[in-house]
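Each chain gets a letter, A, B and so on, in the order its sequence line appears, and its residues count up from 1.
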Protein chains: 2
Amino acid sequence: MLKQETLSKNQQIVLDFIEKVNEPIKAYSILHNVQKKGIKAPLQVYRALDKLVEIGKIHKIESRNAFVACKNSNCQISKATAFSICESCEEVSEISDSKLSKYLKNFQDKAGMKFNKYNLEFFGLCKKCSIK
Amino acid sequence: MLKQETLSKNQQIVLDFIEKVNEPIKAYSILHNVQKKGIKAPLQVYRALDKLVEIGKIHKIESRNAFVACKNSNCQISKATAFSICESCEEVSEISDSKLSKYLKNFQDKAGMKFNKYNLEFFGLCKKCSIK
DNA sequence: TACACAATGTTATATTATAACAATTAACAC
DNA sequence: GTGTTAATTGTTATAATATAACATTGTGTA
Ligand SMILES: [Zn+2]
Ligand SMILES: [Zn+2]
Ligand SMILES: [Zn+2]
Ligand SMILES: [Zn+2]
């Protein structure tokens with residue numbers, strides 16, 4: 001079978017919603033918001049999320065247990081992700097910095113482990129929150 | 001009051017156990033293992049974990065919801081952490097690489113956000129698992 | 001002593017995520 | 001089209017992770 005090109009019904013419903021809100025959102029919040037579309041159970045959401053993460057349409061913000069749409073066409077299928085997170089307002093942005101991603105992709109640890117994936121989360125205060 | 005120098009009873013019990021197992025361990029697994037020491041409830045474990053993370057004695061592996069003792073005396077109180085994670089055997093090592101930490105500490109994102117903390121998780125196969 | 005704050009103990013509950021199994025749908029080979 | 005396989009869905013129940021709320025006790029300091 002060829003690699004799936006179109007999303008399934010539930011996957012599309014979940015993705016549409018995540019793209020619409022345009023900020024990190026939690027699984028059960030997604031569930032509440034797509035129940036009118038016929039998605040009734042957590043598993044239906046989590047299965048869609050798993051697939052969407054796998055194909056790189058969304059990312060999971062691990063420290064927040066939240067999901068956000070990918071804004072970065074050249075982030076290779078979720079294998080190299082970086083985010084900035086404001087600890088005050090919880091605003092999250094995906095970092096797209098070719099120098100950073102190049103540096104991390106080529107990073108070699110001392111144990112000689114070969115990496116195929118990384119996730120980096122920066123924390124601080126966004127500009128808005130710094131002023132306050 | 002001066003900054004705490006000695007750990008409290010529960011904090012010490014939890015830290016002792018985490019250091020003994022010497023690999024990432026989950027909160028409820030800690031709970032089961034320290035019940036003989038008098039810790040009975042999840043909150044007692046989570047409160048100790050919170051404090052130990054705060055003072056840098058342990059770190060949370062966000063992608064695994066697990067906690068591991070710090071092996072790295074110069075990781076500044078949990079504000080700059082990096083790990084390698086084997087996706088096959090789940091072995092986790094704390095990366096101590098001064099070049100990497102320097103690079104990340106000085107990283108400036110395009111939005112001009114000032115970071116005070118980061119967490120980086122690399123995924124791949126450890127040497128042992130690569131051979132198989 | 002009196003105060004402030006950290007830590008504890010305890011019960012209940014909230015939040016996040018998966019197990020298990022049956023049924024349906026989509027893609028492919030022939 | 002038929003049979004085959006894999007992906008997706010639907011559904012109920014439950015597991016795993018984490019916090020709320022409140023009363024109490026301990027500890028350092030003035
Ligand atoms: Zn992305
Ligand atoms: Zn902010
Ligand atoms: Zn450390
Ligand atoms: Zn391994």
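Checked against the 6.0 Å centroid threshold, Tyr103(A) and Tyr103(B) count as a close aromatic pair.
The NZ atom of Lys40(A) sits 14 Å away from the P atom of dT9(D) (whole-angstrom rounding). Rounding to whole angstrom units, CG of residue Leu7(B) and P of dG28(D) are separated by 13 Å. When the C1' atom of dA7(D) is taken as reference, atom CD1 of Ile55(A) falls 13 Å away, rounded to whole Å. Per the geometry, OH belonging to Tyr46(B) stands 18 Å off C1' belonging to dA21(D), to the nearest Å. Remark: P of dT8(C) and NZ of Lys37(B) are 15 Å apart, rounded to the nearest angstrom. Rounded to whole Å, atom P of dT8(C) lies 12 Å from atom CG of Asp50(B). Look at CZ on Arg47(A): it is 13 Å from C1' on dA17(C), rounded to the nearest Å. In this structure, the CD atom of Glu54(A) is 13 Å from the C1' atom of dA6(D), given to the nearest Å.
The aromatic ring of Tyr28(B) sits over the base of dT17(D), with ring centres less than 5.5 Å apart and planes inclined by under 30°.
The side chain of Lys60(A) places no N or O atom within less than 4.0 Å of a non-bridging phosphate oxygen (OP1 or OP2) of dT16(C). Listed pair Lys26(B) / dT17(D) meets the phosphate criterion, a side-chain N or O lying under 4.0 Å from OP1 or OP2. For the pair Lys51(A) and dT8(D), the criterion of a side-chain N or O lying under 4.0 Å from OP1 or OP2 is met.
Taking the side chain of Pro42(A) as heavy atoms from C-beta on, and the options dA17(C), dG10(D), dT17(D), the nearest nucleotide is dA17(C). Of the listed nucleotides (dG10(D), dA17(C), dT9(D)), dG10(D) has the atom at the smallest distance from the side chain of Gln44(A). In the set dA7(C), dT8(D), dA17(C), the nucleotide with an atom closest to the side chain of Ser8(A) is dT8(D). When distances run from any side-chain atom of Gln11(B) to the nucleotides dA17(C), dA7(C), dT12(D), the shortest one goes to dA7(C).
Between Val92(A) and Glu23(A) there is no side-chain heavy-atom pair separated by less than 4.5 Å. Counting only heavy atoms from C-beta outward, the side chains of Lys117(B) and Glu87(A) approach each other to under 4.5 Å.
Side-chain N/O atoms of Gln35(B) and Asn33(B) include no donor and acceptor closer than 3.5 Å.
Take the nearest nucleotide of DNA chain C for Leu43(B) and for Asn65(B): the residue whose nucleotide is more 5' is Leu43(B).
Remark: the backbone N or O of Asp16(A) is not paired with any side-chain donor or acceptor of Glu19(A) at under 3.5 angstrom.
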